[in-house]
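Predicted, not measured: the structure shown is a model, and the values here were computed from it.
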Amino acid sequence: MPTLRKSTPDTAGHAAIAGRLRVPEITALFWAIKILTTGMGETLSDFLGTHGNDILNAAAILLVFGAVFAVQFRVRRYIPAVYWACVAMVSVLGTVVADVAHAVVGIPYIATSVFFAVAVAVILALWHRNTGSLDVHTITARAPELYYWATVMATFALGTALGDLTASSLHLGYLASTMVFAVVIVIPLIAWRRGANPVLTFWAAYVVTRPLGASAADWLADPTSKSGLGWGTGPVTVAWLAAIVVLVAIVAVGQRRSTNTVPAEAGSAREPADLDRATKPDVMTRVPGHRS
């Protein structure tokens, strides 16, 4: 999804708030990495489900999940490698939970879809009531970040349920599901460009990235007997993980260059009141998820 950025003379003010953000700005690279992490999480979960000991695999997933989030909550700003490691582990754990809910507990996909849709709505309502904003470009403190990650987890679960619903329950298969969600994800973009609520369009697109990426990865990995290409869950996981690493490295390099281009003295000489005004620039990147 493209971004629309207009120039502003207050680059020091923008850098001041950007330097404290705990989540990334929403750019085209953000959406690309997000889709890749969903697919990688899907195939990695499937790979672990057919290799090794289930208990040990589950313990390893929980251990890594806890470790990356412990680091995320300790750092003071957005660090690309840490943030995307968290998103990847949410994808893996979310897939495992969704599979257990359906295959072991026997909950229908339509029921889990409705449940997690309600969960997303409740979390967003609590987030707005307790912080006064759902703007992901203002997450510089712990409280909104906790709500953000809770929403991320719920949207992953919802997206997983929707993807399985179309591919399995509706018998569309993975390729057809990929094509359906590739069309669906454009709808929030068009709605946002026509003036729809940016928060709703952002999270709507965020939900759809899950079934889009997972369906595409399953189509590549699953055997031809299941309408896949038969590349295997292991190779697809490695390939998508490599792509994620490359893109995250590009983001990290860009972040470092952006930080270095703003003179340190541009913000240090300001009075506190001036800095407060600077962190609320007239024009910022206008993308789904940002309210101006």
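For Arg142 (side chain) and Phe73 (main-chain N/O), a donor-acceptor pair under 3.5 Å exists by modelled atom type. Not a single donor-acceptor pair under 3.5 Å links the side chain of Asp222 to the backbone N or O of Ala217. Looking at His128, its side chain never comes within 3.5 Å of a backbone N or O of Leu124 through a donor-acceptor pair. Listed for the Arg77 side chain is no donor-acceptor partner under 3.5 Å among the backbone atoms of Val23. Checked by atom type and distance alone, the side chain of Asp46 never pairs as donor or acceptor with a backbone atom of Thr233 at under 3.5 Å. The main-chain N or O of Thr166 is never found under 3.5 Å from a side-chain atom of Ser169 such that the two would form a donor-acceptor pair.
Between Phe116 and Phe156, every side-chain heavy-atom pair lies at or beyond the 4.5 Å cut-off. In this structure the side chain of His51 never reaches within 4.5 angstrom of the side chain of Asn57, judged on heavy atoms. For the pair Asp135/Val199, no side-chain contact is recorded, criterion being any heavy-atom separation below 4.5 Å from C-beta on. Taking the side chain as every heavy atom from C-beta outward, Tyr147 and Val152 never approach each other to under 4.5 Å. Thr37 has its side chain out of reach of Trp240: every pair of non-hydrogen atoms, C-beta onward, lies at least 4.5 Å apart. Val82 places none of its side-chain heavy atoms less than 4.5 Å from the side chain of Val68. Residues Thr201 and Leu189 are not in side-chain contact: their nearest non-hydrogen atoms beyond the backbone lie 4.5 Å or more apart.
Hydrophobic cluster membership differs between Trp192 and Ile187, with clusters built from Ile, Leu, Val, Met, Phe, Trp and Tyr side chains linked at under 4.5 angstrom. No single ILVMFWY cluster, assembled from side-chain heavy atoms under 4.5 Å apart, contains both Val100 and Ile107. Ile61 and Val238 are not part of a single hydrophobic cluster, where members link through side-chain heavy atoms under 4.5 Å apart. There is a path of hydrophobic side-chain contacts, each under 4.5 Å, that joins Val246 to Val248. Each of Val120 and Leu200 belongs to its own hydrophobic cluster when Ile, Leu, Val, Met, Phe, Trp and Tyr are linked at side-chain heavy-atom distances under 4.5 angstrom.
Between Phe69 and Phe65, the angle of the ring planes lies from 30° to 60°, which puts this pair in the tilted group. Using cut-offs of 30° and 60° on the angle between ring planes, the pair Trp127 and Trp203 is perpendicular. Note: Phe30 and Tyr83 have tilted aromatic rings, judged against thresholds of 30 and 60 degrees for the angle between ring planes.
Distance check: Leu146 CG to Thr131 OG1 gives 11.0 Å after rounding to the nearest 0.5 Å. Within the model, atoms CD of Gln72 and CZ of Arg22 stand 6.0 Å from one another, a figure rounded to the nearest 0.5 Å. Between the CG atom of Leu48 and the CG atom of Asp54 there is a distance of 9.5 Å, given to the nearest 0.5 Å. Of the inter-residue distances, the one linking Leu134 atom CG with Asn197 atom CG reads 8.5 Å to the nearest 0.5 angstrom. Between Ile79 atom CD1 and Trp84 atom CH2 the span is 15.0 Å, to the nearest 0.5 Å. In this structure, OG1 in Thr43 is found 9.5 Å from CG in Leu241, a value given to the nearest 0.5 Å.
Put simply, the residue from Val207, Val208, Thr112 that forms a side-chain contact (heavy atoms from CB on, under 4.5 Å) with Leu158 is Val207.
With hydrogens and angles left out, the side-chain atoms of Thr95 and Arg210 include a donor and acceptor closer than 3.5 Å. Side chains of Thr178 and Ser215: a donor-acceptor N/O pair is absent below 3.5 angstrom, by distance only. Inspection of the Thr38 and Ser91 side chains reveals no N or O donor paired with an N or O acceptor under 3.5 Å.
Annotation for Leu56: atom CG counts as buried by contact number, over 12 foreign heavy atoms lying within 6.0 Å.
Cation-pi geometry between Lys226 and Tyr174 is not met: the NZ or CZ atom fails to fall both under 6.0 Å from the ring centre and inside 45° of the normal.
Val236 and Trp231 get closest at one heavy-atom pair: CG2-CB, 4.0 Å. Among all heavy-atom pairs drawn from Met40 and Ile244, the shortest one is CB-CD1, 4.0 Å. Heavy atoms only, all atoms of each residue included: Val184 and Pro188 are closest at O-CD, 3.1 Å. Summarising the geometry of Gly163 relative to Phe181, their closest heavy-atom pair is CA-CE1, 4.1 Å, with the distance given to 0.1 Å. Taking both residues in full, the closest heavy atoms of Pro80 and Ala252 are given as CG-CA, 3.9 Å, listed atom of the first, atom of the second, then distance. Closest of all the heavy-atom pairs between Ser168 and Tyr109 is CB-CE1, 4.1 Å.
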* For side chain to side chain contact (heavy atoms under 4.5 Å, CB included), just list the numbers for Glu25 and Tyr78, CA-CA rounded to whole Å, side-chain angles, deciding distance to a tenth of an Å, and then say yes or no. => CA-CA 10 Å; Glu25 294 191 43; Tyr78 162 63; over 6 Å; no
